[in-house]
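Everything below concerns the one structure shown next.
Naming convention: chains lettered A, B, ... in sequence-line order (proteins, then strands); numbering from 1 in each chain. The structure displayed is predicted, hence computed values, not measured ones.
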Number of protein chains: 2
Amino acid sequence: MKPEMSGRAVALAIVEDEKNVREGLKYFLGLDSRIRITGAFGTAEGLVSYLEGGGSVDMVLMDIHLPGMDGIAATRVLQDRWPNVTVLILTIFEDQDAILDSIKAGAKGYILKNTKPDALLEQILSAAYEGSPISPTVARRILDEIRRGARVSKAADYSLTLRETEVLRDIVNGLTYRELAEHHHIAGSTAKKHILHIYQKLNVNSKAEVVRKALEEGLV
Amino acid sequence: MKPEMSGRAVALAIVEDEKNVREGLKYFLGLDSRIRITGAFGTAEGLVSYLEGGGSVDMVLMDIHLPGMDGIAATRVLQDRWPNVTVLILTIFEDQDAILDSIKAGAKGYILKNTKPDALLEQILSAAYEGSPISPTVARRILDEIRRGARVSKAADYSLTLRETEVLRDIVNGLTYRELAEHHHIAGSTAKKHILHIYQKLNVNSKAEVVRKALEEGLV
DNA sequence: CCCGATATGCACCATAGGGTGTATTTTTGT
DNA sequence: ACAAAAATACACCCTATGGTGCATATCGGG
């Protein structure tokens, strides 16, 4: 991973409605010098007020089930208004939809509450340095999701060459022969050759058709 | 996680071309009583032969870069012929494509080689109990991928008229001016007019761009 | 009743695009 | 080292496309 850690501690806020859990986390995580707890809130609204009032945090440990605004909605709000804040979902629920919704809302990690305290600490720190902590059972669900989505895109192998693939991308981006030639520092006639080869391989005969095929079959 | 572990040890095979790494893993992982090393192979073909010969494994630690069949292709083969085998990719590469390809091929986990030995052990065991071990930096890439695919269809209202919408659909379907005119029983010049109007509204100036915009913004 | 939006149509022009053929240089895989 | 594949390039041809201007007819709402 990263060889060195940044000089200052990570400013961490906790949003968790159960007081015992909240205080427990605050106490335990605060023990580590690399983490500075800047707030522990019982509701997402509390955190938002804090931020609106000028408070600052690097990272938020967010529960999903909360009174008032739930953790996923809160994540969306945070990403929208304070995009530099890293949100980690910390919950006992490993419901597939909740996991995906969290991720789509912008959460950088999804940690289950049964994670051992010191592992939790590691995961929080890893999130601070560009990683995404994911509990193994959660990861399994995410991978299942990807695989499910992966089946949708049919194999679609037209064995395009490297150059042809690059040219294809440019066609999709709407470049003309000339622009394409300049982009690749080749003659317009060559660009054209590549395009015609692509047409043969994809069995089409116009840019419009190529763009459609490329987008629909995920060739780009 | 799971409260109890199954009675017998996990039968683990290692596929890794570098002898030192292979032997190191074999030695270290073999120390734990919950794991039984049933084979360490320098090539994927070696593992396949072993399985064809009646050998049995629960889990495979698979390198990606291998002489002969690479780890991803091998994963595909294993999933196809021995679907009960859990494949974990273990590699130094965190290339986005390789990660996604592995997952789509059926790998249950993607662990980076810089993972500390005891963490590796933990991840292997977690995979044995329905989890999916994913290194944090790898998880980040996967989440990015999900988010990218999660883009909601932005409203995108260009106030196209009825006719223009029909024409747009035909453009996406690759019709030429002439075909389009015939399809709607109008003059080619009229078809063209509609198209030019569409270009103005969508702020583009070629069919290729229109097709892309229409598909990406769900105008059709 | 008039205006604006929609739909229709034609003319003219310059350029981009599609199709075919040929040929040389590089890369790549035995 | 040799053959196949890929990438490069030019010529020629005709059509499709995009851009602009102008014009007519219809319809709905103010």
Worksheet entry | Protein proximity profile, nucleotides 22-30 of chain D - base contact B, sugar-phosphate-only contact S, no contact -, cut-off 4.0 Å on heavy atoms | B--------
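Atom CD1 of residue B/Ile64 and atom CG of residue B/Asp17 lie 12.0 Å apart, to the nearest 0.5 angstrom. With rounding to the nearest 0.5 Å, the separation of CE in A/Met69 from CZ in A/Arg76 is 11.0 Å. Note: B/Lys19 NZ to B/Lys26 NZ = 8.5 Å, rounded to the nearest 0.5 Å.
The minimum heavy-atom distance between B/Leu47 and B/Ala13, with the atom names listed, is CD1-CB, 4.0 Å. Between B/Val211 and B/Val172 the shortest heavy-atom distance is CG2-CA, 3.9 Å. B/Arg22 and B/Gly42 make their closest contact through NH1-CA, 3.4 Å (heavy atoms, listed as atom of the first residue, atom of the second, distance).
For DNA chain D, the residues of residues 161-189 of chain B within the heavy-atom distance limit of 4.0 Å (strictly under) are B/Thr176, B/Tyr177, B/Arg178, sorted by number. If you check residues 197-207 of chain A against DNA chain C, the residues with a heavy atom closer than 4.0 Å are A/Tyr199, A/Asn205, A/Ser206, A/Lys207, listed by number.
Among residues two or more places apart in sequence or in another chain, the side-chain contact (heavy atoms from CB on, under 4.5 Å) test is passed with A/Ser49 by none. Under the side chain to side chain donor-acceptor pair (under 3.5 Å) criterion, B/Arg178 pairs with no residue at all, not counting sequence neighbours. In this view, B/Asp32 and B/Arg34 satisfy the salt bridge (charged side-chain N to carboxylate O under 4.0 Å, His left out) rule, not counting sequence neighbours. The side chain to side chain donor-acceptor pair (under 3.5 Å) search around B/Asn205 returns none, not counting sequence neighbours.
For the side-chain contact (heavy atoms from CB on, under 4.5 Å) test with B/Glu16, the passing option among B/Asp63, B/Leu90, B/Leu66 is B/Asp63; the others fail.
You can see that DNA chain C meets the heavy atoms of chain A within a 4.0 Å-exclusive cut from C/dA16 to C/dT22, reading 5' to 3'.
Between the two ends of the helix from C/dC1-D/dG30 to C/dT30-D/dA1, each summarised by a five-pair axis, the helix axis turns through 60° (rounded to 10 degrees).
Under the ring pair (Phe, Tyr, Trp, His ring centres under 6.0 Å) criterion, the residue pairs touching residues 13-61 of chain B are B/Phe41-B/Tyr50, with sequence neighbours excluded. Listed by first then second residue, pairs satisfying ring pair (Phe, Tyr, Trp, His ring centres under 6.0 Å) with a partner in residues 194-220 of chain B number zero, not counting sequence neighbours.
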Please tabulate, for side-chain N and O atoms in residues 179-191 of chain B, each donor-acceptor pair with protein atoms closer than 3.5 Å (sequence neighbours left out).
from, atom 1, to, atom 2, distance (Å)
B/Glu179, OE1, B/Thr176, N, 2.8
B/His183, ND1, B/Asp170, OD1, 3.4
B/His183, ND1, B/Asp170, OD2, 2.8
B/His184, NE2, B/Asp170, OD2, 2.8

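Atom pair A/Glu209:CD and D/dA16:C1' shows a separation of 13 Å (rounding to whole Å applied). Atom CG of B/Leu196 is separated from atom C1' of D/dA16 by 13 Å (rounded to the nearest Å).
With salt bridges taken as basic N to acidic carboxylate O contacts below 4.0 Å, one links B/Arg163 and B/Glu166.
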